[in-house]
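Note sheet for the following structure.
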Amino acid sequence: MCHLDREDNDVATTLISDEMRGAVGTEMDRSVSFAISESDIRKWALAVYHPEPPPQLFWDAEYAATTRYGGIVAPEDFNPFAWMTPSGPRPAGEDMASPGSLEALLGIEPPPVRSGLNGGTESEFGVRMRPGDAITSVTRLHSYTEREGRLGTMLFTITESNWTNQGDELVKVVRQTSIRY
Amino acid sequence: MTQQDTALGLGIGDEIPTFVRENTGLHHFNRYAAVNEEFVPIHMDDEAGREAGYPRAFGMGNLSTAYLLNALRGWIGEEGTVRALACQFRQPNLKDTTVVARGRITTIRAEGDETVAELEVWTEDGDGNQLAPGTATVALVTPA
């Protein structure tokens, strides 16, 4: 696996407050997805293989029944949490793409950043997701580090999510690095 | 670690078949945004891309991850298993860029009735500039 953790370097102005340091290790989100539908999987596969047709395993139930999986499975990267969960739609005006949305989940003051980028991911895959599965994701704040970069002080935030299915089988562990500046 | 798996004919340093997406743009990014709820201005709007410090809009990092998985799946087939994938988004997949997902075997080992291969993987642009380097672990069924 790649090493996404970075050592703290000297930075002119730290973006990491004491409140943020204190939040490391905190559970920041626990979500349960709607039951995954064949249509969800089909649309995902169409998007990630566009403009070529995706493999039959992702959309043809009759064909998929003849494979080792015995039915349709989702691509490993499939996200069943997009748009909304049974908890309901997000409140109007809530912007999960804003640079401070992560701290908003923790209920703490966000750092003074104006932009954010996806720095990278590390995923370990377990059982495949299938139609009918309801996935539970538990996300914790893993770490904050920072260093000077081309665009000033760069804040690296790693979160770790554990996904399990309704049978409590591990679907995947994902460590996601966001870079904010 | 072995240098070669004779049953599958794999060797350290072997490259896997590429997964290529030519001229990536809004027709790719918007489809991904629609399924992953990722309508972020930097992926939709050149001006937002410039405000973020880049020459124009650029694709989602997670879409690059998907392209790497597509390359791995295409290679190992449905009998194989992707166990792990990691990558860092070092350079953006700028709009209008061809993206090539590649991989090269770094280790091979036997594990029960499977052959496990570790790979370095990466995406690059049409000029061969690396965009998203990483690593992957896959398991392939060893022929009896």
Side-chain angles (χ1 to χ4, degrees), chain A residues 1-4 40-52 54-58 63-64 66-69 73 75-79 81-84 90 95-98 114-126 128 149-152 172-179 181, chain B residues 19-24 27-43 48 51-54 58-70 72-74 77-90 92 118 120-121 132-138 141:
Chain A
M1 303 288 279
C2 285
H3 296 288
L4 294 174
D40 296 334
I41 295 172
R42 188 164 57 240
K43 288 173 184 166
W44 185 278
L46 284 163
V48 299
Y49 278 91
H50 174 78
E52 291 176 9
Q56 277 179 281
L57 178 64
F58 301 136
Y63 168 79
T66 68
T67 68
R68 63 184 282 216
Y69 298 107
V73 295
E76 294 86 346
D77 47 317
F78 175 76
N79 174 14
F81 299 100
W83 294 108
M84 65 179 280
R90 294 192 187 93
D95 181 5
M96 295 307 291
S98 80
R114 60 181 176 81
S115 292
L117 294 169
N118 185 348
T121 61
E122 296 182 14
S123 300
E124 295 158 21
F125 302 110
R128 300 294 288 261
R150 181 171 63 90
L151 300 170
K172 61 179 165 180
V173 179
V174 182
R175 282 174 288 280
Q176 182 97 31
T177 301
S178 73
I179 304 173
Y181 51 93
Chain B
F19 180 87
V20 182
R21 281 295 162 268
E22 293 180 352
N23 195 29
T24 57
H27 51 304
H28 300 90
F29 307 160
N30 287 352
R31 279 174 172 78
Y32 192 73
V35 294
N36 199 42
E37 193 185 2
E38 204 168 344
F39 286 100
V40 182
I42 54 176
H43 304 311
E51 285 176 9
Y54 296 93
F58 51 96
M60 299 80 169
N62 289 334
L63 182 55
S64 295
T65 304
Y67 290 162
L68 288 169
L69 282 166
N70 292 353
L72 291 167
R73 280 189 219 109
E78 289 167 0
E79 294 301 311
T81 304
V82 181
R83 291 188 177 179
L85 173 67
C87 70
Q88 296 181 334
F89 306 122
R90 298 263 181 88
E118 309 271 353
E120 57 177 326
V121 296
T135 57
T137 307
V138 301
V141 176

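In this text the structure is predicted, and so the values were computed from the model without any measurement.
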By side-chain contact (heavy atoms from CB on, under 4.5 Å), which residues pair with A:A82, not counting sequence neighbours?
A:N79, B:E37
With respect to chain A, which residue among B:E22, B:R83, B:H28, B:R21 yields the maximal number of heavy-atom pairs within a distance under 4.5 Å?
B:R21
So which of A:P55, A:S115, A:P75 has the largest heavy-atom pair count under 4.5 angstrom toward chain B?
A:P75
Can you tell which part of A:F78 gets under 4.5 Å to a heavy atom of chain B, answering side chain, backbone, both or neither?
neither
Select one option (side chain, backbone, both, neither) describing which atoms of B:F29 are under 4.5 Å from chain A's heavy atoms.
neither
So, A:N118 side chain and B:M60 main chain: donor-acceptor pair closer than 3.5 Å or not?
no
B:N30 versus chain A, heavy atoms under 4.5 Å apart: side chain, backbone, both or neither?
neither
What pair of heavy atoms forms the shortest contact from B:I42 to B:A48, and how long is it?
CG2-O, 3.7 Å
Between chain B and each of A:M84, A:R128, A:K43, A:E52, count heavy-atom pairs under 4.5 Å; write down the option with the most.
A:E52
Salt bridge or not for A:D77 and B:R73, using N-O below 4.0 Å?
yes
Is it the backbone or the side chain of B:S64 that comes under 4.5 Å from a heavy atom of chain A, or both, or neither?
neither
Partners passing side-chain contact (heavy atoms from CB on, under 4.5 Å) against A:R42 (at least two apart in sequence or in another chain):
A:E38, A:S39, A:L46, A:W59
Chain A heavy atoms under 4.5 Å from B:A136: which part of the residue, side chain, backbone, both or neither?
neither
What part of B:A132 gets closer than 4.5 Å to chain A, counting heavy atoms only: side chain, backbone, both or neither?
neither
Could you tell me the separation between the CD atom of A:E122 and the OG1 atom of B:T135, rounded to the nearest 0.5 Å?
7.5 Å
Looking only at B:G61, B:P92, B:A34, B:A33, the option with the highest number of non-hydrogen pairs under 4.5 Å against chain A is B:A34
